[in-house]
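Notes follow the structure.
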Amino acid sequence: MKTIHFVTSNMGKAKEAKALCKEFDIKIQQIRYEYPELQSDDLETIAKYGAECASRALNKTVIVEDAGLFIPALRGFPGPYSAYVFKTIGNKGILGLMSDKKNREAYFKSAVGYCEPGEDSITFTGVANGRIAREIRGEHGFGYDPIFLYDDRTFGELSTEEKNKVSHRCKALKKFVKWISAKDI
Ligand code: IMP
């Protein structure tokens with residue numbers, strides 16, 4: 001079984017990646033290391049830079065992942081600022097900003113960056129479309145999961161396995177897994 005080092009301090013992300021990659025015979029080993037996060041509007045640029053910094057600092061082949069929630073009615077907010085916005089106003093704050101909005105569409109985007117020491121990184125992306133719920137629902141997942149409606153349930157109401165069938169992260173990771181599996185042949 002191949003081992004991939006996933007540099008993240010987010011236990012929720014690591015749990016999802018472990019469950020997904022196990023299906024493809026890849027073991028995910030989490031490394032908790034805080035790599036510098038580039039200020040950019042583009043998740044792929046952030047993941048690319050993060051993967052290169054982490055790979056150089058740890059002298060290992062790594063993946064990192066950057067994700068964000070994008071809400072068209074708020075002109076894409078919180079987008080690349082999702083982590084800061086979650087820490088400051090949180091899910092209640094987003095529901096407050098959305099209280100008078102008719103258009104409740106939203107999407108999550110994930111960018112996975114892969115980097116070997118001394119090389120340029122490669123990125124893989126995935127998107128999950130949904131809507132912003134009217135209230136916080138569900139005990140599973142993390143971050144914005146309890147306010148992100150996929151069909152009639154929030155991501156917070158889905159098990160890891162259920163979320164892994166449709167999420168932005170699983171789509172990006174599946175592209176990566178397909179690519180890395182072919183690379184080894
Ligand atoms: P980052 O990718 O760690 O920078 O995450 C940005 C923000 O989006 C954090 O507040 C995360 O909790 C949140 N986030 C990232 N991925 C997800 C997800 O799959 N579900 C819910 N929130 C997420």
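What you are looking at is a predicted structure, and each value in this text was computed from that prediction instead of being measured.
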Does atom CD of Glu135 have more than 12 heavy-atom neighbours, drawn from other residues, nucleotides or ligands, at distances under 6.0 Å? yes
Between Phe148 and Gly130, the two heavy atoms sitting closest are CZ-N, 3.5 Å
With a 4.5 Å cut-off on side-chain heavy-atom distances among I, L, V, M, F, W and Y, is there a chain of contacts connecting Leu20 to Ile180? yes
Please report the C-alpha distance between Ile4 and Lys2 in whole Å, then the side-chain angles of each, then the deciding distance to 0.1 Å, and finally whether the side chain to side chain contact (heavy atoms under 4.5 Å, CB included) criterion is met. CA-CA 7 Å; Ile4 300 286; Lys2 194 174 175 59; 4.2 Å; yes
4.5 Å side-chain heavy-atom contact, Arg137 and Leu149: yes
Rounded to the nearest 0.5 Å, what's the gap from SG on Cys21 to CZ on Phe176? Could you check? 7.0 Å
Decide yes or no for Lys174 and Phe24: does some side-chain heavy atom of the first lie under 4.5 Å from some side-chain heavy atom of the second? yes
Below 4.5 Å, heavy atoms only, C-beta onward: do Glu119 and Tyr114 meet side chain to side chain? no
Pro72 backbone acceptor or donor facing Asn103 side chain under 3.5 Å: no
Look at the side chain of Ser99 and the backbone N and O of Gly96, then say whether any donor-acceptor pair between them is shorter than 3.5 Å. yes
Straight-line distance of Glu34 CD to Cys53 SG, nearest 0.5 Å: 13.0 Å
Do Leu95 and Ile147 pass the side chain to side chain contact (heavy atoms under 4.5 Å, CB included) test, and can you show the C-alpha distance, the side-chain angles, and the key distance before you say yes or no? CA-CA 8 Å; Leu95 291 186; Ile147 61 163; 3.9 Å; yes
Under-4.0 Å salt bridge between Asp145 and Lys163: yes
Other residues, nucleotides, ligands: >12 heavy atoms within 6.0 Å of Tyr49 OH: no
In short, Ala47 meets Val64 closest at the heavy-atom pair O-CG2, 3.4 Å
Do the side-chain N and O atoms of Thr125 and Glu44 include a donor-acceptor pair separated by under 3.5 angstrom? no
Do the side chains of Ile122 and Val112 join up, straight or via other hydrophobic residues, at under 4.5 Å, putting them in one cluster? yes
In short, Lys92 meets Ile136 closest at the heavy-atom pair CG-CD1, 4.0 Å
Are Ile63 and Leu173 packed together at the side-chain level, in the sense that at least one heavy-atom pair is separated by less than 4.5 angstrom? yes
Has Asp100 got more than 12 heavy atoms of other residues, nucleotides or ligands less than 6.0 Å from its CG? yes
Tyr33 and Lys60, any side-chain heavy atoms less than 4.5 Å apart: no
Verify the cluster assignment for Val7 and Ile26: are they in a single hydrophobic cluster under the rule of side-chain heavy atoms below 4.5 Å apart? no
Is it true that atom CD of Glu105 has more than 12 heavy atoms of other residues, nucleotides or ligands lying nearer than 6.0 Å? no
Under 3.5 Å, is there a donor-acceptor pair linking the side chains of Thr8 and Glu65? no
Quick check for you: to the nearest 0.5 Å, what is the distance between Glu162 atom CD and Glu157 atom CD? 10.0 Å
Considering only NZ, NE, NH1 and NH2 on the basic side and carboxylate oxygens on the acidic side, decide whether Glu52 and Lys48 come within less than 4.0 Å. yes
Do you reckon Ile132 sits in the same ILVMFWY cluster as Phe142, going by side-chain contacts under 4.5 Å, direct or chained? no
Taking the side chain as everything from C-beta on, heavy atoms only, tell me whether Lys171 gets closer than 4.5 Å to Val127. no
Would you say the side chains of Gln29 and Thr3 form a donor-acceptor pair under 3.5 Å? no
Minimum heavy-atom distance Lys165-Cys170, with the two atoms named: C-SG, 3.9 Å
Name all residues meeting the salt bridge (charged side-chain N to carboxylate O under 4.0 Å, His left out) criterion together with Glu37; count only those two or more places apart in sequence or in a different chain, and write none if there are none. none
Can you measure from OG (Ser181) to NZ (Lys183) and round to the nearest 0.5 angstrom? 12.0 Å
Hey, are Lys22 and Glu161 close enough for a salt bridge, meaning a charged N less than 4.0 Å from a carboxylate O? no
Under the side chain to side chain contact (heavy atoms under 4.5 Å, CB included) rule, what do Arg134 and Arg104 come out as? Steps first, then yes or no, please. CA-CA 9 Å; Arg134 295 269 169 199; Arg104 304 196 67 85; 3.2 Å; yes
Decide yes or no on side chain to side chain contact (heavy atoms under 4.5 Å, CB included) for His5 and Leu58, but give the supporting numbers first. CA-CA 10 Å; His5 295 103; Leu58 301 166; over 6 Å; no
Looking at Glu16 and Arg169, is any side-chain nitrogen of the basic one under 4.0 Å from a carboxylate oxygen of the acidic one? yes
Note: Cys115 and Ser55 closest approach over all heavy atoms is O-OG, 3.5 Å
At what distance, to the nearest 0.5 angstrom, does OG of Ser82 lie from CG of Leu43? 7.5 Å
Parallel, tilted or perpendicular: which fits the ring planes of Phe108 and His168, with parallel below 30° and perpendicular above 60°? parallel
Is the count of non-hydrogen atoms from other residues, nucleotides or ligands lying under 6.0 Å from Arg131 atom CZ greater than 12? no
Should Phe77 and Phe70 count as side-chain neighbours, where that means a heavy-atom distance under 4.5 Å? no
Measure across Leu69 and Pro78 and return the closest heavy-atom pair with its distance rounded to 0.1 Å. O-CD, 3.2 Å
Answer with yes or no whether the hydrophobic clustering places Phe86 together with Tyr81; edges join I, L, V, M, F, W, Y residues whose side-chain heavy atoms lie under 4.5 Å apart. yes
What I'd like to find out is whether the side chain of Met98 reaches to under 4.5 Å of the side chain of Leu74, using heavy atoms alone. yes
